[in-house]
Amino acid sequence: MQSPEPLLCIVGQTSAAAKVILRILQGCNSLQRLHKIHAHVITTGLQHHPAISSKLLHFCAISVSGCLSYAQLLFHRLQNPLTQDWNSIIRGFSDSPSPLSAIFYYNAMVSAASDSRPDTFTFSFVLKACERVKAQSKCKEVHGFVIRCGYKRDVVVCTNLIRSYAGNGLIWDARKVFDGMLERDLVSWNSMISCYSQAGFHHEALKIYNMMKNENVGLDGFTLVSLLSSCAHLGALNIGVQMHKIAREKGFVESVFVGNALIDMYAKCGNLDAALIVFDRMQKRDVLTWNSMIVGYGVHGRGDEAIYFFRQMINAGVQPNSITFIGLLCGCSHQGLVEEGVKYFYNMSSKFNIKPGIKHYGCLVDLFGRAGKLENALEVIRTSPTHEDPVLWRTLLGSCKIHKNVHIGEIAMRNLVQLGASNAGDCILLATIYIGVNNADGVARMRKMIKSRGIKTTPGWSWIEVGDQVHKFVVNDKSHPDTDEVHHKLREIIHGATLLGYVEEESPLITVPGFNNEEGCLGTSSCHSEKLAIAFGIARTTEGTCLRIVKNLRVCRDCHSFTKFVSKAFSREIIVRDRVRFHHFKEGSCSCKDYW
DNA sequence: TTAGGGTTAG
């Protein structure tokens with residue numbers, strides 16, 4: 001039989017015993033040992049000692065070697081749980097796989113007839129649980145109680161409220177809390193910036209940073225990472241370069257987080273050379289570092305280099321994840337590397353034990369489809385575990401447009417209709433295929449389908465950064481303050497491109513209102529957002545300056561041809577990031593080799 | 001005794 005714990009043997013009188021047990025608990029690092037201590041606590045009659053029971057509960061609820069169900073057992077044995085006991089159990093569950101239980105305990109605490117009232121810690125823990133379970137109304141209710149309890153000025157509780165609201169999709173409520181704070185520290189500023197960035201409000205994130213600069217709170221790696229992510233999404237290279245300079249000056253470039261965010265920013269802003277310089281200088285690299293390079297080369301259509309980095313990653317002993325393969329397959333697809341792409345798709349599960357997800361199947365369909373192997377693409381969808389996903393059929397329909405394949409295009413459309421997922425973009429894609437083969441009946445059917453369903457399209461927009469400002473242009477929209485100047489400049493540019501042979505392509509097709517949405521491009525494209533952004537860029541930058549444009553949709557055929565001519569006529573390098581990939585236009589040709 | 005912040009795909 002095992003001998004008892006030496007320290008437990010010396011337990012004598014109650015106060016001395018309590019002190020010893022508390023000391024033992026301090027150094028306790030396993031659940032097994034804790035069970036022994038608990039058994040001894042019971043035999044010595046100390047199970048109701050407040051400090052001991054709190055300590056035991058805290059250990060079980062919080063410690064990595066603890067156990068939440070055991071913590072629950074201990075909690076329910078407490079006759080009068082103190083606030084700190086409630087906090088332990090709420091905190092334990094808020095970090096656990098079942099955060100909803102944290103809310104149950106919070107509810108029980110609030111409704112219990114005891115003196116143990118919620119404090120700032122309780123609110124911090126329960127708000128975290130609200131964020132994790134997406135309990136929007138509970139978050140609002142807790143906020144109300146925070147105010148009634150007089151904690152509305154607590155900087156940590158307010159920061160938790162910001163995160164909880166934003167995590168529940170209530171970004172404007174988060175902002176109201178932020179605006180109402182009398183005192184803000186670096187963490188609260190960073191939280192507001194990261195909440196905006198994660199919710200896709202990138203301009204707002206940058207505006208908060210501008211406000212922050214006037215407050216003398218400084219910045220740190222957290223600030224930079226969120227801001228760089230927003231710059232990456234916006235394609236705001238100039239602002240990103242300023243962030244890089246600050247990171248160097250303040251000594252944050254050594255951080256893996258900052259390095260990764262810099263690589264991603266440069267890659268998404270179209271400057272892979274700068275991304276590579278950051279990568280080469282990094283002392284420490286993790287899976288995100290490699291992924292950022294692989295995805296970066298992938299979306300630029302440079303599959304060979306994506307494969308090179310993947311091999312280097314494996315040689316460096318870094319385990320790839322599902323995102324690695326998205327970058328790799330994307331690169332293979334855009335470069336037409338079918339065999340390599342197929343090999344990596346199968347290696348994912350066989351060599352790396354990563355189950356392909358819907359996105360990977362989408363990449364495989366795209367890989368075959370772009371290469372004209374439409375039957376193979378169809379087979380992939382039919383044999384995939386996710387064949388009922390409209391994304392795959394839509395990808396196939398896009399490939400049918402490239403290769404003017406009516407038969408498979410109609411199969412894809414039929415499946416989209418059966419799934420109840422067909423949208424205006426799909427109708428436009430199929431109509432474009434019909435146009436390509438002079439099928440007037442098909443075109444008429446698509447036009448009827450669009451009209452009868454009244455399906456809405458996504459308006460196309462483009463961003464262009466000039467100086468440290470990002471300007472947005474929307475198709476057929478005249479809201480930009482310099483719209484007259486832009487349209488005047490555009491006419492001049494079209495003239496210049498026409499002299500070199502550009503002919504504006506105008507579809508004979510559609511007069512359905514609201515269908516000049518860019519992608520699919522049925523109608524005149526002269527007001528497409530991309531052309532407006534190019535005109536603005538040429539008007540506002542010095543000769544020879546590279547233009548960088550970010551679009552929310554795919555580049556249409558006419559705009560692609562237009563941009564090629566403009567790059568030659570005006571000697572400008574124009575880098576366009578569309579919804580799927582990058583296009584580098586230079587001296588009249590595009591890096592995609594018209595294969596997109 | 002205890003609390004709040006970061007990057008890649010989509």
Side-chain angles (χ1 to χ4, degrees), chain A residues 22 25-26 51 54-59 61-63 82-92 94-95 118-128 131 151 154-164 166-167 177-178 181 184-198 200 205 217 219-233 243 247 252 255-265 267-268 275 278 285-296 298-299 320-330 357-360 362-363 391 579-580:
Chain A
L22 283 168
L25 276 167
Q26 204 79 42
S54 285
K55 197 82 185 170
L56 276 168
L57 170 61
H58 184 255
F59 177 88
I62 311 301
S63 163
L82 303 170
T83 295
Q84 66 196 46
D85 302 321
W86 288 102
N87 287 354
S88 293
I89 198 83
I90 294 170
R91 181 188 175 191
S94 73
D95 284 328
D119 61 9
T120 55
F121 295 97
T122 324
F123 290 125
S124 293
F125 303 138
V126 74
L127 283 167
K128 187 177 193 180
E131 184 190 342
Y151 293 132
D154 186 279
V155 69
V156 180
V157 173
C158 284
T159 307
N160 275 307
L161 275 166
I162 290 169
R163 299 208 68 78
S164 198
V177 174
F178 180 78
M181 288 172 79
R184 300 184 194 112
D185 61 10
L186 184 55
V187 179
S188 38
W189 282 97
N190 285 350
S191 297
M192 193 67 249
I193 291 173
S194 75
C195 286
Y196 269 135
S197 181
Q198 284 164 13
V217 276
L219 57 76
D220 62 9
F222 288 85
T223 330
L224 289 169
V225 165
S226 297
L227 291 172
L228 285 166
S229 171
S230 282
C231 290
H233 282 96
M243 298 296 161
F252 295 124
S255 149
V256 182
F257 281 100
V258 174
N260 292 347
L262 279 167
I263 291 176
D264 181 56
M265 182 277 293
K268 294 245 177 66
V278 176
R285 300 178 185 128
D286 63 12
V287 64
L288 274 91
T289 321
W290 292 97
N291 283 356
S292 298
M293 292 304 292
I294 293 166
V295 172
V299 294
N321 64 19
S322 66
I323 298 170
T324 319
F325 287 95
I326 286 177
L328 206 48
L329 293 171
C330 173
I358 176 70
K359 302 289 170 221
H360 302 99
C363 290
V391 173
R579 192 163 54 81
V580 177

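A, B, ... follow the sequence lines: proteins, then strands. Residue 1 opens every chain.
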With a 3.5 Å cut-off and just heavy-atom distances, do the side chain of H58(A) and the base of dT1(B) make a donor-acceptor pair? yes
Base, sugar-phosphate or nothing for Q198(A)? Non-hydrogen atoms, less than 4.0 Å. sugar-phosphate
Base, sugar-phosphate, or nothing: which does S188(A) touch, judged by heavy atoms less than 4.0 Å apart? base
Atom CH2 of W290(A) and atom C1' of dT7(B): how far apart are they, to the nearest Å? 17 Å
Considering every strand and a 4.0 Å limit on heavy-atom distances, what is the contact class for V287(A): base, sugar-phosphate, or nothing? nothing
Would you say a side-chain N or O of T159(A) is under 4.0 Å from OP1 or OP2 of dA3(B)? no
Would you call Y151(A) and D119(A) a side-chain contact if the rule is heavy atoms closer than 4.5 Å? yes
Identify whether a stacking contact exists between F257(A) and dT7(B), where the ring centres must be under 5.5 Å apart and the planes under 30° apart. no
Any side-chain N or O of R285(A) less than 4.0 Å from the OP1 or OP2 oxygen of dT7(B)? no
S292(A) (side chain) donor-acceptor with L288(A) (main chain) under 3.5 angstrom: yes
Among the nucleotides dG4(B), dA3(B), dT7(B), which one has an atom lying closest to any side-chain atom of N260(A)? dT7(B)
Categorize S255(A) for me: base, sugar-phosphate, or nothing, with a 4.0 angstrom heavy-atom threshold over every strand shown. base
Across the strands shown, which category fits L262(A) at heavy-atom distances under 4.0 angstrom: base, sugar-phosphate, nothing? nothing
On a plain distance test, is the side chain of D220(A) in donor-acceptor contact with the base of dG6(B) below 3.5 Å? no
Among dT2(B), dT8(B), dG6(B), which is the nearest nucleotide to the side chain of D119(A)? dT2(B)
Among dT2(B), dT1(B), dT8(B), which nucleotide sits nearest the side chain of H233(A)? dT8(B)
Only residue of I263(A), D220(A), V225(A), V278(A) satisfying side chain to side chain contact (heavy atoms under 4.5 Å, CB included) with V258(A) is V225(A)
K268(A) side chain N/O closer than 4.0 Å to the phosphate oxygens (OP1, OP2) of dA9(B)? yes
Whole-Å gap separating C1' (dT7(B)) and CD1 (I263(A)): 10 Å
Set of residues satisfying ring-ring contact (aromatic ring centres under 6.0 Å, His included) with respect to F125(A), sequence neighbours excluded: none
Among dG6(B), dG4(B), dT8(B), the nucleotide that comes nearest once only the side chain of V225(A) is considered: dG6(B)
Nearest listed nucleotide, side chain of S226(A), among dG6(B), dT8(B), dT2(B): dG6(B)
Could you give the NZ-to-C1' distance, from K128(A) to dG4(B), as a whole number of Å? 9 Å
How many Å lie between CD1 on I326(A) and P on dG10(B), as a whole number? 6 Å
Atom pair distance, as rounded to whole Å: CG in L56(A) and C1' in dT1(B): 14 Å
Where the side chain of T120(A) is defined as all heavy atoms beyond and including C-beta, which of dG4(B), dA3(B), dT7(B) is the nearest nucleotide? dA3(B)
Quick one: N87(A) CG to dA3(B) P, roughly how many Å, whole number? 10 Å
Atom CG of N291(A) and atom P of dA9(B): how far apart are they, to the nearest Å? 10 Å
Just the rounded figure in Å: distance from C1' of dA9(B) to CE of M265(A). 19 Å
Do Q84(A) side-chain and dT1(B) base share a donor-acceptor contact under 3.5 Å? yes
Residues in ring-ring contact (aromatic ring centres under 6.0 Å, His included) contact with H360(A), at least two apart in sequence or another chain: none
Assess whether side-chain hydrogen bond (donor to acceptor under 3.5 Å, both in side chains) is satisfied between S124(A) and R91(A), documenting all intermediate values. CA-CA 9 Å; S124(A) 293; R91(A) 181 188 175 191; over 6 Å; no
